[in-house]
Amino acid sequence: MLVIWVATLLFPTLIRDFAFMPAAALFEPWRFLSAAFLHSIPMPFHLGFNCWALWVVGRALEPIMGHTKLLLSFVICALAASLACCLTALLNLQAWLTFTVGASGAVFGFFGIMLAIQRMLRLPYTEMAALIGINFVIGFVLPNVAWVAHLGGLAAGLAIGGFTAWRLRHATLVEIPVHEVPTPDNPNPPKAVVLHRVITTRDRMYDVLFYAGFVLLLLGASWLFYHFNYHTIYSLLGF
């Protein structure tokens, strides 16, 4: 993201060509995802916070989910955030032609995944809930913040986190003995075991059905949105 942000400093037209805009996304659907890799040129704090949050929360989630499902979660939350921006166009015609950039929707999605896992597995979740609340309020205080995108990403993250926690609660665990090396101070170390999760074919089938189904759901929702609103887009663009 940092490389892309530097590229936008050199080529400002990248924002125009790849930022999400509901009207343009009808003809250029890659904008649904490409906008998550762009950030406002005069606001490096926006980029810095998103990179920090993705790094910190992503590192905590990767051992639980794996890098493939974590990447899919980023894509799903980014798509959900862009789709949520489309809903604002139903209330404000100007929103059809408004550019939106940033990975904040995916960041809120990662927050939602972590919160759902902590809540469903009965782990402490107060800090994550407070972090979400504070950042959501900031979205109302600071100007030009797409808080609807935050909400869309958060909703997708909560769904993914709920599914992940459900799979963890029904996971098959096996005990793997750990043999510690005796030392002069501890010639007979106690026996220890490590719990290892067994990934079965059924687990992989559930993952494929859930993630593929989620992507298809978002694609279907976007198709329905544009199917019922393309006349408005054509009139705004002068077709």
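Because the structure is a prediction, the values reported are computed rather than measured.
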Margin query: Would you call the rings of Trp52 and Phe49 parallel, tilted or perpendicular, taking 30° and 60° as the class edges?
Written below: tilted

Margin query: Below 30° counts as parallel, above 60° as perpendicular, anything between as tilted: where do the rings of Phe163 and Tyr211 land?
Written below: perpendicular

Of the non-hydrogen atoms in [X] and [Y], which two are nearest, and what is the gap between them?
X      : Y      : answer
Ala159 : Phe210 : O-CZ, 3.8 Å
Ser73  : Ile160 : OG-CG2, 3.6 Å
Gly58  : Leu70  : O-CD2, 3.6 Å
Thr164 : Met65  : OG1-CE, 4.0 Å

[X]-[Y] co-clustered via ILVMFWY side chain contacts under 4.5 Å:
X      : Y      : value
Leu71  : Phe37  : no
Leu61  : Ile199 : no
Phe27  : Phe225 : yes
Trp55  : Val75  : yes
Trp147 : Val137 : no

Acceptor/donor pairs from residues 122-134 side chains to any protein atom, 3.5 angstrom cut, sequence neighbours excluded:
none

Listed pairs under 3.5 Å, donor-acceptor, residues 101-120 side chains, sequence neighbours left out:
| unit_1 | atom_1 | unit_2 | atom_2 | d |
| --- | --- | --- | --- | --- |
| Ser104 | OG | His46 | NE2 | 3.0 |
| Ser104 | OG | Asn50 | OD1 | 3.4 |
| Ser104 | OG | Asn50 | ND2 | 3.3 |

Which donor-acceptor pairs under 3.5 Å do side chains of residues 214-221 form with protein atoms, sequence neighbours excluded?
none

Which atom pairs, one a donor and one an acceptor, fall under 3.5 Å between side chains of residues 78-90 and the rest of the protein, sequence neighbours left out?
| unit_1 | atom_1 | unit_2 | atom_2 | d |
| --- | --- | --- | --- | --- |
| Ser82 | OG | Phe32 | O | 2.8 |
| Ser82 | OG | Ala78 | O | 3.3 |
| Thr88 | OG1 | Cys85 | O | 2.5 |

Margin query: To the nearest 0.5 Å, what is the distance between CD on Gln94 and CG on Leu236?
Written below: 9.0 Å

Check: Looking at CZ of Arg31 and CG of Leu38, how far apart are the two atoms once the value is rounded to the nearest 0.5 Å?
Finding: 9.5 Å

Notebook entry, point to check: With sequence neighbours left out, which residue pairs that include part of residues 225-239 fulfil the salt bridge (charged side-chain N to carboxylate O under 4.0 Å, His left out) condition?
Noted result: none

Notebook entry, point to check: When you look at Val145 and Ile138, which way does the side chain to side chain contact (heavy atoms under 4.5 Å, CB included) test go after all the steps?
Noted result: CA-CA 9 Å; Val145 175; Ile138 291 175; over 6 Å; no

Item checked: Any side-chain donor near an acceptor of the partner, Asn229 and Thr232, under 3.5 Å -> no

Under 3.5 Å donor-acceptor pairs involving side-chain atoms of residues 10-21, not counting sequence neighbours:
none

Next item on the list: Would you confirm whether Tyr226, through its side chain, and Pro22, through its main-chain N or O, come within 3.5 Å as a donor-acceptor pair?
Entry: yes

Next item on the list: Apply side chain to side chain contact (heavy atoms under 4.5 Å, CB included) to the pair Leu237 and Trp96, showing each step before the final yes or no.
Entry: CA-CA 10 Å; Leu237 298 180; Trp96 284 106; over 6 Å; no

